[in-house]
Participant: 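Before anything else, here's the structure in question.
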Amino acid sequence: MVKFTDANDQNYRKVIDYLPELLDRGPARVRENWIRERSHRSIATGVLPPSQTAVLTKPLPPVSKSYIQRADISIFLTRRLLPPTPGEHQPRCVLHGSSGSGKTQLAVAWIEVHKDRFNMIIVIDASSRQQIETDLQTAIRSVGPQYNKATWKDAVAYLSREVNWLLFFDNADEPNLSLDRYLPNSRSGAVLVTTRNRDYATYAPDGHVEVEALTEKQAMDLLHKIIGTSPPSTSASLAIVRELEMWPLSVTQAGLYIRTSHLDTYLADLRMHRDELRQATSLEGNDHLWSKYAAFNLSFAQLPKKSQEWMKICAFLRHSSIPLSLFRSSNRVEFRAPTIMITQPPLDDDELAISRLRGIFGSDWDNSSFQQLVDPISRTSFIDTSDNDGQSFYKIHSLVQLFIQDLLGPADRERYALLASQLVLGTIRPLEGGESNIWYRQILPHIEALPMRAKTSHISHALAYHMVYKSVGNWDATQQLEKHCCDHFYQRYGPTYPGTLDMMGSLATTFRHRGQLEEAEKLGREVLQRRTEIVGLKHSDTILSMNNLSLTLSARGKLREAEEMKRKVLELRKETSGPDHPDTIAAMGNYASALHSRGALREAEKIEREVVELRKRTGGLQDLTTIIAMRNLALTLKKLDQLEDAEKMMREVLALLEVALGPRHLETMKAKSGLATMLQSAPQLEEAEKLEREVLEFQAEELGERHPDTMTTMHNLAVTLHHRGDLVGSEKMTRHVLRLQMDVLGPRNADTILTMSTLGFILHRRGQWAEAEKMLREALKLRKDMFGIQNRYTIDIMSNLVVTLYCRGQLEEAEEKQRVIVAWRMENLGPRDANTIDAKSRLAKFSAELAYRIQNAAGGL
């Protein structure tokens with residue numbers, strides 16, 4: 001029993017503050033003691049109980065030795081994230097506040113205390129979308145070998161099924177980054193977010209708290225804890241923390257400096273240094289802001305020279321997940337940038353940057369020397385070190401990076417940004433064969449943190465960064481660097497320079513990937529024309545340019561020209577490379593796809609079977625090119641109504657792709673989409689709809705709603721909804737797709753025309769015959785203009801229109817068009833084909849009704 005003099009007693013208030021926290025922690029302590037007791041009892045039986053330790057998929061950032069507890073915030077976190085009874089909503093808490101306020105330290109300290117309450121703790125660096133997805137993917141793959149191909153989406157789905165997990169998003173500061181897609185749909189776990197952005201409070205309307213500066217007492221406690229002593233008088237300490245506005249990071253730096261000087265003289269030193277900094281730089285700010293800068297700079301100035309240089313370089317990288325291997329790998333190749341284009345080797349100017357990097361890190365890598373460089377920085381609390389899967393990573397407080405950048409003059413900012421770029425360039429090498437681009441993905445956040453002027457300081461550097469961006473599918477950055485390189489080559493060497501044409505061709509391909517098809521075609525034609533004039537039609541570069549243009553023409557719906565161009569490419573490949581060369585086999589596949597698009601399915605099937613056999617012979621069944629060839633053949637078999645064989649082959653393709661590329665790769669998703677269209681016919685419609693919605697969600701996020709592949713999947717889903725009887729939903733989605741396609745692809749596009757035909761058919765089914773007729777007539781006219789009447793898909797649209805004309809009583813026109821349909825099917829499909837038999841039966845019906853109508857009309861006269 002402890003008695004206090006009154007309710008205002010300082011110790012009494014402290015106990016009252018901590019009592020709720022102690023009560024909240026009680027159940028966990030009881031559970032921990034019982035687990036320990038049960039373990040002791042189990043020794044006698046030889047049967048050990050299961051582990052009760054939470055699974056940490058990634059180490060938590062370390063809690064600073066100078067951490068100061070803030071009981072009110074800790075209690076708030078406990079009440080929101082560990083409610084005594086389940087609520088209606090997912091437990092969430094958002095800590096928001098300015099840099100250096102201690103948000104991450106508060107969150108990590110709370111997790112350390114309560115980690116036994118969770119089965120799994122997932123630590124996410126939320127500083128970028130890519131890093132979030134990387135950490136989620138790492139988390140799910142750490143669960144077990146059965147998840148070694150899983151993606152971040154699988155992690156979210158996994159948590160939605162599990163219980164007692166904590167998802168910790170640290171440094172979610174980006175203003176336009178939505179966390180919604182990363183939040184599991186479950187109330188059986190909890191979400192904790194730290195952020196500088198107050199807008200994130202909307203994720204926890206009743207569970208957010210602003211982390212402000214420390215109280216004066218907390219700030220003095222922090223200062224004294226770092227100094228390692230409690231002075232008899234607090235007047236000097238109080239003046240210091242007030243000068244620094246009780247800001248934790250600044251108070252920490254003050255304490256570290258005072259360790260090697262004197263408490264009583266620190267404030268004078270600080271103010272003198274503050275005035276010197278203000279005179280030396282052009283930055284603006286009040287005395288308190290400059291005092292924070294001065295507190296940082298006083299500690300920074302005590303670091304060894306090489307440690308300071310290391311910090312200045314790191315100020316231009318991403319502040320978190322800086323791998324030690326970045327420095328080691330770059331050092332081992334002497335910090336030299338790769339040569340991507342033989343005619344554009346790295347400049348001699350690189351030697352100056354390389355020399356400076358060698359001066360910091362040495363000519364030969366030495367772990368001990370590097371550690372001697374980093375250790376003094378760790379002791380000043382400027383960086384945190386963590387280990388993950390045997391790799392060491394560094395994290396610099398973003399405010400420290402800002403301090404360094406602000407205190408450097410413009411010329412020095414430029415110099416250290418270029419040093420950071422040279423360091424990163426030393427780790428970039430072209431991938432060989434099927435080599436994974438996982439390293440590119442690891443350094444990508446640091447590449448993105450570099451200013452664009454550093455990435456484009458020399459053409460060889462721009463080419464190296466372009467290679468990384470293209471490999472990871474960042475088409476925005478790829479296009480930006482390609483335009484830069486095109487302009488550089490054009491202005492310096494002219495339009496006929498090989499490098500100019502190479503980069504123009506690459507830019508045309510990027511346009512196609514981004515759905516900018518008109519720009520892709522225009523640029524592709526220009527490249528092909530110049531290649532033909534300079535090196536001739538049979539040169540490999542010219543054939544490649546012709547092939548790329550044919551793919552763009554196919555995407556634009558210019559199928560006749562695309563088919564002719566693909567046929568020409570195949571002829572040239574056979575002549576220049578031979579019939580079994582991989583490029584020739586690829587050209588065979590492309591030509592078969594053109595035949596497929598035109599409706600010449602029997603010819604396409606024959607070539608595609610040959611391609612599959614050649615691919616199996618040269619690469620084996622597991623080879624990606626073999627799998628893609630099988631997928632194309634399966635789609636053709638589906639069109640030929642060989643549904644059983646098509647579905648069987650597509651399921652085999654899907655299984656092979658999930659092993660080879662993972663379940664959420666673009667190629668895997670294409671296979672899922674293809675399987676779904678087969679199930680429409682099967683008709684396993686529920687599975688088809690599920691697959692298509694999964695593919696659509698993926699494509700909408702990865703490619704965007706306006707990408708041709710995304711629009712195709714939306715169209716396919718609308719067809720499935722139609723087959724399932726949801727005519728309203730089907731019509732709504734089809735109209736939406738048509739609006740997008742008209743805007744992106746234009747009306748004279750095969751996909752746009754197909755969607756118009758689909759909408760006309762749906763309108764017919766809903767009894768809106770007048771609008772259906774109008775839509776089908778427009779689709780038929782466009783299709784005839786582009787591909788002629790002797791085309792399978794033109795005939796299909798005409799068949800839909802005939803049914804609508806019949807229902808509207810326009811029997812003569814219906815019979816006339818039906819005769820055209822019968823003639824085409826007799827010639828192209830044969831008299832025994834089911835479609836031909838159906839067409840003849842319909843024609844007989846129309847003719848009989850028309851004869852009856854004519855006879856009645858004559859009798860009436």
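Here, residue 1 is the first one in the sequence, and each next residue gets the next number. Note that this is a predicted model, so its numbers are computed, not measured. Side chains are part of it too, since the values below use all heavy atoms of this structure and drop only hydrogens, waters and symmetry mates.
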Participant: Quick one: are L166 and L192 in side-chain contact, heavy atoms under 4.5 Å?
Facilitator: yes
Participant: Has the side chain of R117 got a donor or acceptor atom that lies under 3.5 Å from a matching backbone atom of L82?
Facilitator: no
Participant: Can a side-chain donor-acceptor contact be found between Q371 and N367 if the only test is distance below 3.5 angstrom?
Facilitator: no
Participant: Do any N or O atoms from the side chain of R92 and from the backbone of P205 form a donor-acceptor pair under 3.5 angstrom?
Facilitator: no
Participant: Indicate the atoms forming the closest heavy-atom contact of L373 with I360, along with that distance.
Facilitator: CD1-O, 3.6 Å
Participant: Is K225 salt-bridged to D221, going by a charged N under 4.0 Å from an acidic O?
Facilitator: no
Participant: Taking the side chain as every heavy atom from C-beta outward, state whether P184 and W165 have any pair of such atoms under 4.5 Å apart.
Facilitator: yes
Participant: Side chains of Y416 and Q405: is there a donor and an acceptor less than 3.5 Å apart?
Facilitator: no
Participant: Centres of the F327 and W365 rings: under 6.0 Å?
Facilitator: no
Participant: Nearest 0.5 Å, what's the CD-CG distance between E112 and D116?
Facilitator: 10.0 Å
Participant: Could you tell me if the side chain of P304 sits less than 4.5 Å from the side chain of W310, heavy atoms only?
Facilitator: no
Participant: Applying the side chain to side chain contact (heavy atoms under 4.5 Å, CB included) test to Y203, which of T195, V191, L183, V193 qualifies?
Facilitator: L183
Participant: Do you know which two heavy atoms are closest between A254 and I240, and how far apart they sit?
Facilitator: CB-CG2, 4.4 Å
Participant: Verify, without hydrogens or angle tests, whether E448 (side chain) and P445 (backbone) share a donor-acceptor contact under 3.5 angstrom.
Facilitator: no
Participant: Could you tell me whether the side chain of T78 reaches within less than 4.5 Å of the side chain of H114, counting heavy atoms only?
Facilitator: yes
Participant: If we ignore angles and hydrogens, is there a donor and acceptor under 3.5 Å between the side chains of S237 and H224?
Facilitator: yes
Participant: Determine whether a donor-acceptor pair (N or O, by modelled atom type, separation under 3.5 Å) exists between the side chain of E133 and the backbone of W152.
Facilitator: no
Participant: Just by modelled atom types, is the L95 backbone N or O under 3.5 Å from a matching donor or acceptor in the T194 side chain?
Facilitator: no
Participant: Is it true that W110 and F76 have ring centroids separated by less than 6.0 Å?
Facilitator: no
Participant: Compare every heavy atom of I313 with every heavy atom of A420, then report the nearest pair and how far apart it is.
Facilitator: CB-O, 3.7 Å
Participant: Is it true that D170 and K395 have a side-chain N and a carboxylate O under 4.0 angstrom from each other?
Facilitator: yes
Participant: When you measure from the side chain of K455 to the backbone of I447, do you find a donor-acceptor pair of N or O atoms at a distance under 3.5 Å?
Facilitator: yes
Participant: For a quick check under 3.5 Å, do S128 and E174 share a side-chain donor-acceptor pair by atom type?
Facilitator: no
Participant: What closest approach, in Å, do Y200 and A172 show between heavy atoms, and which atom pair accounts for it?
Facilitator: CE1-O, 3.2 Å
Participant: In terms of side-chain heavy atoms, does N171 have a donor or acceptor partner in S127 at a distance below 3.5 Å?
Facilitator: no
Participant: Between Q253 and F382, is there a side-chain heavy-atom distance shorter than 4.5 Å?
Facilitator: yes
Participant: Which heavy atom of Q90 sits nearest to which heavy atom of R187, and what is that distance?
Facilitator: N-CG, 3.8 Å
Participant: Could R196 and D173 be called an ion pair, given the rule that one side-chain N must be under 4.0 Å from one carboxylate O?
Facilitator: yes
Participant: Does any N or O in the side chain of D135 come within less than 3.5 Å of the main-chain N or O of D125, such that one atom is a donor and the other an acceptor?
Facilitator: yes
Participant: Can you tell me if CZ on R453 sees more than 12 non-hydrogen neighbours from other groups inside 6.0 Å?
Facilitator: yes
Participant: If I compare all heavy atoms of R129 with all of Y182, which pair ends up nearest, and what's the gap?
Facilitator: CG-OH, 3.0 Å
Participant: Could you tell me if the side chain of S307 sits less than 4.5 Å from the side chain of K305, heavy atoms only?
Facilitator: no
Participant: Okay, side chain of S329, backbone of L326: is any donor-acceptor separation there less than 3.5 Å?
Facilitator: no
Participant: Using a 3.5 Å distance criterion without hydrogens, assess whether the side chain of Q69 forms a donor-acceptor pair with backbone atoms of S74.
Facilitator: no
Participant: Without swapping roles, check the side chain of K103 against the backbone of G97 for a donor-acceptor pair under 3.5 Å.
Facilitator: yes
